Trainee: 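Dumping the structure here so I can ask a few things about it.
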Amino acid sequence: MLRWILFDNHKPTSYIATIRFLRTFTDRGENDVTKFLEARSKTALKVLNSLLQDARFAIGNRVTIADFSMCGYLYFQDEIGIDFAEYPHITR
């Protein structure tokens, strides 16, 4: 469980939160930083999507704190600016 919580805090949340902030709350527009953060976000989302390919939850057969940790910013897809259609197991 700790592995996925730490993964979330280091990868998806750190990149997705930052790109959401830049795209939603600043007027800096798209630049090298947003491109970098988007690429890193997509890589983290691919890992999460692969994890959920054969499982309903991150660990075991029920929701855990790891699932709650990883889903926080996924509710802001329109503000993140990444097409989640590429990650069907996450959206499921």
Side-chain angles (χ1 to χ4, degrees):
M1 190 169 315
L2 183 59
R3 174 184 176 202
W4 290 111
I5 292 171
L6 293 174
F7 166 78
D8 170 58
N9 283 282
H10 183 65
K11 300 293 183 181
T13 294
S14 64
Y15 300 127
I16 291 173
T18 307
I19 198 168
R20 175 182 175 244
F21 174 80
L22 291 173
R23 287 181 169 163
T24 304
F25 302 108
T26 70
D27 59 355
R28 297 180 186 188
E30 296 299 308
N31 54 49
D32 290 340
V33 174
T34 55
K35 289 176 188 172
F36 171 81
L37 291 169
E38 183 170 324
R40 290 293 180 116
S41 297
K42 287 180 176 182
T43 299
L45 290 170
K46 285 179 188 176
V47 170
L48 182 55
N49 193 64
S50 293
L51 167 69
L52 297 173
Q53 181 175 352
D54 297 319
R56 189 168 177 196
F57 302 106
I59 304 164
N61 297 321
R62 64 185 178 90
V63 67
T64 67
I65 191 73
D67 298 286
F68 285 113
S69 177
M70 289 189 279
C71 77
Y73 279 94
L74 301 180
Y75 290 100
F76 301 100
Q77 293 178 20
D78 57 326
E79 295 178 358
I80 295 167
I82 295 174
D83 183 8
F84 275 67
E86 297 178 37
Y87 314 101
H89 306 296
I90 293 174
T91 57
R92 169 181 46 85

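If you're wondering where the values come from, they're calculated on a predicted model, not measured in any experiment.
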Trainee: Indicate, with yes or no, if Leu2 and Val63 share a hydrophobic cluster defined by side-chain heavy-atom contacts under 4.5 Å among Ile, Leu, Val, Met, Phe, Trp and Tyr.
Mentor: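 Not linked; separate clusters.
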
Trainee: Which donor-acceptor pairs under 3.5 Å do the side chains of residues 5-12 make with protein atoms, sequence neighbours left out?
Mentor:
unit_1, atom_1, unit_2, atom_2, d
Asp8, OD1, Thr13, OG1, 2.6
Asp8, OD2, Thr13, OG1, 3.2
Asp8, OD2, Ser69, OG, 2.7
Asn9, ND2, Ile5, O, 2.7

Trainee: Counting neighbours of OH on Tyr75 that are heavy atoms of other residues, nucleotides or ligands and sit closer than 6.0 Å, is the number greater than 12?
Mentor: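 For Tyr75, atom OH is not crowded (no more than 12 foreign heavy atoms under 6.0 Å).
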
Trainee: Which residues pass the side-chain contact (heavy atoms from CB on, under 4.5 Å) test with Arg3, sequence neighbours left out?
Mentor: none

Trainee: Among pairs that include at least one residue of residues 59-80, which meet salt bridge (Lys or Arg N to Asp or Glu O under 4.0 Å), considering only residues two or more places apart or in two chains?
Mentor: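 Every salt bridge (Lys or Arg N to Asp or Glu O under 4.0 Å) pair that includes a residue of residues 59-80, provided the two are not neighbours, is Arg20-Glu79.
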
Trainee: Going by heavy atoms in the side chains, are Leu45 and Phe84 under 4.5 Å from each other?
Mentor: yes

Trainee: Trp4 versus Leu51: any side-chain heavy-atom pair under 4.5 Å?
Mentor: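 Yes. Closest side-chain heavy atoms under 4.5 Å.
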
Trainee: Would a hydrophobic clustering, with Ile, Leu, Val, Met, Phe, Trp and Tyr connected at side-chain separations under 4.5 Å, put Phe68 with Met70?
Mentor: no

Trainee: Between CD1 of Ile19 and CZ of Arg40, what distance do you get to the nearest 0.5 Å?
Mentor: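 Ile19 CD1 to Arg40 CZ: 12.5 Å, rounded to 0.5 Å.
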
Trainee: Is it the case that atom CG in Asp83 sees more than 12 heavy atoms from other parts of the structure closer than 6.0 Å?
Mentor: yes

Trainee: Taking only residues two or more places apart in sequence or in another chain, which ones pass side-chain contact (heavy atoms from CB on, under 4.5 Å) with Asn31?
Mentor: Arg28, Val33, Thr34

Trainee: With sequence neighbours excluded, tell me which residues meet side-chain contact (heavy atoms from CB on, under 4.5 Å) with Lys46.
Mentor: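 Lys46 satisfies side-chain contact (heavy atoms from CB on, under 4.5 Å) with Tyr87 once adjacent residues are dropped.
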
Trainee: Is there a path from Ile90 to Phe57 through hydrophobic residues (I, L, V, M, F, W, Y) whose side chains come within less than 4.5 Å of each other?
Mentor: no

Trainee: To the nearest 0.5 Å, tell me how far Ile80 CD1 sits from Leu37 CG.
Mentor: 12.0 Å

Trainee: Hey, is OH on Tyr15 packed in by over 12 heavy atoms from elsewhere, all under 6.0 Å?
Mentor: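 Enclosed.
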
Trainee: Would you kindly confirm whether Leu74 and Phe21 end up in one hydrophobic cluster when ILVMFWY residues are joined by side chain heavy atoms under 4.5 Å apart?
Mentor: yes

Trainee: Under the side chain to side chain donor-acceptor pair (under 3.5 Å) test, which residues partner Arg23, sequence neighbours left out?
Mentor: Glu30, Glu38

